[in-house]
Amino acid sequence: MCGIVGYIGNRVAIPVLLDGLHRLEYRGYDSAGMALIENGDIVIKKTKGKVSELQRMVKNLRSDARLGIAHTRWATHGEPSSRNAHPHTDSRGDLAIVHNGIIENYNALKTYLIDKGHSFKSETDTEVLVHLIEEHYNGSLLETLSQCLVEVQGTYGIALVSKKEPDRIFAARRGSPLLIGKGKGEYFVASDVSAILRYTNEIIYLEDGEIAELSKEDLSVKSASYEDVPKKVQQISWNLDMIEKDGHAHFMLKEIHEQTTSLQNAIRGRLNFEEGTARLDGLLKFMDELENAHRIIITACGTSWHAALIGEYLIEELAGIPVEVEYASEFRYRSPIINKNDIVFLISQSGETADTLGALRETKRKGGIVLGVCNVVGSTIARESDGGVYIHAGPEIGVASTKAFTSQVLVLSMIAIMLGRMKNLSLDRGRQIVRALAEVPQLVQKVLAGADTIVAIAEELYRSNNALYLGRGYNFPVALEGALKLKEISYVHAEGYPAAEMKHGPIALIDENMFTVVIATKDAIYDKILSNVAEIRARKGRILSVVNRGDKRIKELSDVVIEVPETLTFFSPIINVVPLQLLAYHVAVKRGCNVDQPRNLAKSVTVE
Ligand code: G6P
C-alpha cells in the first residue's frame, strides 16, 4: 500500500526521503516520487516503478533542500504511471501533496473544481485535495487544510508542502496511519515507523481527524474542530537492526528463522507454571466479562484470519466458550449481532488493516467490547481497542506473514488456557498444558535446524502449477495457511481443504500431476487422515506429508515426508506451519519470484 515519508530539519532531505522510501518498499507499491522545497520553490520528481528509479532521477540534482515529502503509490484510481504518481500539485504549482487512502467523493469535488476553472493533470482521487486547498486558501495553510478536510469523504494520511509557507510541512490523518518522529531540531512524518526509525524512536501518533503543522523546532496539532491538542511523545522499542536483513537473502527467510525468538518473546513473563495458567495484563480489566462471555467472535483478514480459526478450536476446547470466526470485511458490513455478553477479538499483525479496523468500529458502535491481538505497538487497532495482547513478534517486513502467525497462535493459546482455568480446566491439566506450551519455541528450533532439507523438497514442487493442502482439526487452518503462503509468493495455485472434504470435490483433481501436501501429525484423528492419504495414493497423486518423527504408516504412502517433533495437538499448528513456510519460500525462490514484495500484494491493506 502507499507510503509517506517527510522531513524538515538541518539534514539534506533527499537521502532521508530515499532511505525512508526504501524502507517502505516492503508495503508494496508501483510508483514513487518526492517534492522538495528548494530556495523557496517546489521541485518535484516522480516516476513509475521502483524507488531505485527515483533515486537515479534525483542523483544529479545537487539539491540542498532540507525539507521534503515523498511517497510510494499503490494504484487505486488511475494506472501506475509517473503522471499519477505523487506528489500532486495545484494549478499554480504552489502546493504539493502526497496522500494515502481513498477520497470517496472525489468525482463531486472534481466537478466543482473544474467549474471553478481548475484543470487536472492526473486520474487520481488525490489531485482534488490539492486543488481544493488552492481554491479555499485563506492565508493560513493549517486553517485552510482543516476547512477543506471537512468537505472530504473517505480516508487519508496526507503530507503537504507549499511555496507560501516554505518552512513548514502540514500533515493530516483520517483512517490511514500517520505518525510524526521527533529529532533534535528536526521532525519527520511517516505512514510507518520503519521509514524513520533510523533517525528517531520518539514518536507522536496522530489520531483520526487531527492535523499537524511541523517546523524544524515546533509541532502543533489541531483537532478536527480546530482546537489545540497536546500530544505525548512515545518511545518505541524497535531498532534499526530489527528492520534489516541481517545476512539473510530475504526478510521472509529471516523472519521464518526468527520464530524461536519471537515465540519466546510472546511467552516471556506470561506463563504461570504453578497455577497452570497465563497472565495477560492487557486483558486484566476484562476478566469478569471474559469469564461471563456467552460467545467470543474473532475477526481478522488473511493470515491473521487463519490464526483466528485455530483460536476457535483452542478456546472452544480449553474454555468451553462458543467462538465464531469471521472475515473482518464481511463482519463490518453485514450488521453483525453483538449481544451483551459477547466479546469481540480482533487479530491484526499491522494493527492498520482497513477491514479489521472497520470491524472494530462497527463493534464499538454497537456497544461491544473489543480486544486486540496486535503486533505493532501504537497501531490504530491497538490504540482503539478496549484492551488486548501484543504478540511481540518484532517488525515483520516480508509481505507473507510468518512469525506474526505463529505468535498470534501462541497468544491465542495463552488466552484459551487463561479462559479455561477461569472455567473448567483443572489445575493438573492446566499445568501440563502450560509446560508443553513453554517447550514450543524449542520444538520450532528443531524444525528450523532441518530447514536445509526443504530446499530439495521444493525441487519436487516448484514445477507444479497446482497444489492441494489438506489437514484436519487444528491443522485444517494450517492447510489454509500453507496454501496461502505458496500462492502469495510463488504464484502457484494452491488450495487448502479439510482433508475429509476432499471427497466432496477436490478428489476430482487428483492424478499423477497433482501435488498434495498433507499435514498428518499424530492426533485423535490420525487414522482418518491416513485413509485420506491412501485415497490420494490410490489415484496416483503425488504426496508430501508433514509427519511426526518416526511415523511409518503415512511415510509408506507418501512420496516425500517432512518430519517434525511431537507436541500436544493444540500447539501442533505452530510447529507444523514452519516447514510449509519454508517450502513456499524455496519454491518462490526457485521460480524466480520477488519473495518479499510479491506482485499486487501489500503488507498492510489500509484501503477497503
Ligand atoms: C495483507 C497481508 C497479509 C496479512 C493480511 C492481514 O493481506 O499481505 O500477510 O495477513 O493483510 O494483515 P494484518 O496486519 O491485519 O494481520
Side-chain angles (χ1 to χ4, degrees), residues 1-3 24-29 74 175-177 191-194 250-252 255-256 262 298-311 325-332 344-361 370-385 388-409 411-412 477-478 480-491 496 577 580-581 584-585 588 593-608:
M1 292 276 125
C2 303
L24 292 173
E25 285 190 292
Y26 78 99
R27 299 171 61 92
Y29 71 104
W74 189 84
S176 194
S191 53
D192 179 328
V193 75
S194 57
H250 297 96
F251 280 111
M252 182 180 177
E255 288 155 7
I256 291 172
S262 53
I298 316 181
T299 181
C301 302
T303 287
S304 298
W305 183 79
H306 295 157
L309 290 178
I310 301 171
V325 175
E326 191 154 338
Y327 285 113
S329 53
E330 291 298 314
F331 180 84
R332 63 184 294 197
V344 177
F345 274 93
L346 296 141
I347 307 182
S348 176
Q349 183 283 130
S350 62
E352 302 293 351
T353 303
D355 284 321
T356 314
L357 188 55
L360 179 153
R361 291 179 179 159
V370 183
L371 302 172
V373 175
C374 292
N375 188 32
V376 179
V377 175
S379 57
T380 311
I381 292 175
R383 283 180 293 129
E384 291 194 17
S385 297
V389 188
Y390 281 118
I391 63 170
H392 296 312
E396 190 179 68
I397 308 285
V399 164
S401 183
T402 52
K403 63 175 181 171
F405 174 75
T406 46
S407 292
Q408 285 165 344
V409 177
V411 163
L412 288 162
V478 175
L480 295 178
E481 177 59 10
L484 179 65
K485 288 290 84 93
L486 190 70
K487 73 182 119 181
E488 275 180 320
I489 58 169
S490 72
Y491 321 136
V577 78
L580 304 187
Q581 297 168 342
Y585 172 79
C593 301
N594 184 344
V595 173
D596 284 332
Q597 290 162 43
R599 69 181 178 209
N600 304 334
L601 295 183
K603 182 65 187 161
S604 84
V605 181
T606 49
V607 296
E608 282 187 48

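Each ligand, and each atom within it, is numbered from 1 in the order the structure gives. Keep in mind the model is a prediction, meaning the values are calculated, not measured. We use all heavy atoms of the structure for the numbers below, so side chains are in, but hydrogens, waters and symmetry mates are not.
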- Item | Test item: side-chain donor near acceptor, Tyr29 and Glu25, under 3.5 Å | yes

- Item | Every residue of the protein that comes under 4.0 Å of ligand 1, judged on heavy atoms | Cys301, Gly302, Thr303, Ser304, Ser348, Gln349, Ser350, Thr353, Val399, Ser401, Glu488, Ala602, Lys603, Val605

- Please name all residues satisfying side-chain contact (heavy atoms from CB on, under 4.5 Å) with Val376, sequence neighbours left out, ordered by chain then number.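 Listed in chain order: Trp238, Gln349, Ser379.
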
- Message: So, using side-chain contact (heavy atoms from CB on, under 4.5 Å) as the criterion, who are the partners of Ala300 when residues are at least two apart?
- Response: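 Ser304, Trp305, Ile347.
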
- Message: Applying side-chain hydrogen bond (donor to acceptor under 3.5 Å, both in side chains), can you list everything that pairs with Glu384, at least two apart in sequence or on another chain?
- Response: Arg361

- Donor-acceptor contact below 3.5 Å, side chain Glu255 vs main chain Gly398: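 Yes.
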
- If only atom types and distance count, is the side chain of Ser490 paired as donor or acceptor with the main-chain N or O of Ala584 below 3.5 Å? no

